[in-house]
Amino acid sequence: DKMKDENDYYQQKKIEEVTSLFIGLREATSRAKEKDAEAIESLKKEITTYQTRVTALEKQLEKRATEYEALESLYQLDKHKHEKYTNEMNEKLNDLQENNYDYQTRFDALQKALSMSSKSNKQ
């Protein structure tokens with residue numbers, strides 16, 4: 001009878017010990033779940049912050065692309081105007097050179113005629 005009581009006592013102690021371990025495990029699991037939930041919320045907030053930044057950067061990139069396209073268009077327009085102006089100036093320069101050649105030819109002919117006239121007047 002005494003042995004049975006002793007055995008019951010040890011079994012009761014073992015049950016209490018195991019129960020205490022289970023309760024501790026349940027509490028630790030509950031705390032871990034809370035920490036995991038907090039970490040998940042924190043990560044969600046961080047993800048939202050990065051998504052907001054990415055969206056802002058995408059908008060900025062689109063704006064810069066639009067600005068670049070406008071600048072490229074202006075550059076092409078200016079380039080075209082410059083080429084047209086350069087061609088016009090080259091044409092005018094060619095005309096002036098041709099006129100200069102004509103005038104130089106006339107001047108040379110007049111000088112030659114003057115020289116001949118002067119020689120014939122001396123004779």
Side-chain angles (χ1 to χ4, degrees):
D1 205 32
K2 186 179 177 182
M3 261 180 103
K4 187 180 180 235
D5 286 343
E6 239 178 75
N7 200 15
D8 286 347
Y9 173 78
Y10 284 116
Q11 278 185 340
Q12 185 62 35
K13 285 290 179 191
K14 291 277 184 193
I15 289 172
E16 287 173 9
E17 202 176 298
V18 169
T19 302
S20 174
L21 286 173
F22 275 122
I23 289 170
L25 183 61
R26 190 181 314 144
E27 288 172 354
T29 302
S30 177
R31 283 193 302 273
K33 282 181 182 178
E34 286 175 21
K35 285 185 178 181
D36 287 350
E38 289 171 8
I40 288 170
E41 284 305 309
S42 175
L43 286 173
K44 284 180 180 176
K45 286 178 184 173
E46 211 172 313
I47 287 169
T48 301
T49 300
Y50 283 118
Q51 284 173 334
T52 303
R53 286 183 188 167
V54 166
T55 301
L57 287 172
E58 285 172 342
K59 286 180 182 175
Q60 195 175 6
L61 186 61
E62 287 172 17
K63 181 182 173 190
R64 291 235 172 107
T66 302
E67 289 171 355
Y68 173 78
E69 288 170 8
L71 287 172
E72 178 66 21
S73 179
L74 284 173
Y75 168 75
Q76 291 300 331
L77 186 63
D78 282 351
K79 184 179 171 187
H80 177 71
K81 284 181 180 177
H82 176 73
E83 288 171 355
K84 185 178 174 187
Y85 177 77
T86 301
N87 289 339
E88 287 173 3
M89 290 301 110
N90 282 334
E91 286 175 19
K92 287 181 181 180
L93 179 62
N94 288 338
D95 290 347
L96 287 172
Q97 287 172 335
E98 287 174 15
N99 287 343
N100 184 44
Y101 178 78
D102 290 346
Y103 289 128
Q104 188 66 46
T105 304
R106 288 182 194 165
F107 178 75
D108 290 345
L110 286 172
Q111 221 175 15
K112 191 174 188 181
L114 187 61
S115 173
M116 289 180 153
S117 174
S118 168
K119 283 181 186 176
S120 71
N121 282 343
K122 285 183 183 177
Q123 290 173 355

Side-chain (S115) to main-chain (Q111) donor-acceptor, under 3.5 angstrom:
no
Taken to the nearest 0.5 Å, the spacing of N87 CG from H82 NE2 works out to 9.5 Å
Please list every donor-acceptor pair under 3.5 Å in which a side-chain atom of residues 55-74 meets a protein atom from a residue at least two apart or in another chain.
residue: T55; atom: OG1; partner: Q51; partner atom: O; Å: 2.9
residue: T66; atom: OG1; partner: E62; partner atom: O; Å: 2.9
residue: E72; atom: OE2; partner: Q76; partner atom: NE2; Å: 2.9

Nearest-0.5 Å distance that lies between atom OH in Y103 and atom CG in L110
12.5 Å
Any non-hydrogen side-chain atom of R31 less than 4.5 Å from a side-chain atom of K35?
no
Approximate separation, where rounding is to 0.5 Å, of Q12 CD and T19 OG1
8.5 Å
Does a side-chain heavy-atom distance below 4.5 Å link K79 with E83?
yes
Partners meeting salt bridge (charged side-chain N to carboxylate O under 4.0 Å, His left out) with K44 (sequence neighbours left out)
E41
Counting C-beta onward and ignoring hydrogens, is there a side-chain heavy-atom pair between Y10 and E6 closer than 4.5 Å?
yes
Indicate yes or no: at least one non-hydrogen side-chain atom of N7 is less than 4.5 angstrom from one of M3.
no
Supply the atom-to-atom distance E88 CD to K81 NZ, rounded to the nearest 0.5 angstrom.
12.0 Å
Rounded at 0.5 Å granularity, tell me how far OG1 in T86 sits from CG in L93.
12.0 Å
So which of R106, Q104, K112 actually passes side-chain contact (heavy atoms from CB on, under 4.5 Å) with D108?
Q104
Side-chain contact test, heavy atoms from C-beta onward, threshold under 4.5 Å: evaluate it for S42 versus E38 and give yes or no.
no
Is atom CE of M89 surrounded by more than 12 heavy atoms (other residues, nucleotides or ligands) closer than 6.0 Å?
yes
Can you tell me if S20 uses its side chain to pair, donor with acceptor, with the backbone of E16 under 3.5 Å?
no
If you measure from CG on N100 to OG1 on T105, what distance do you get to the nearest 0.5 Å?
9.0 Å
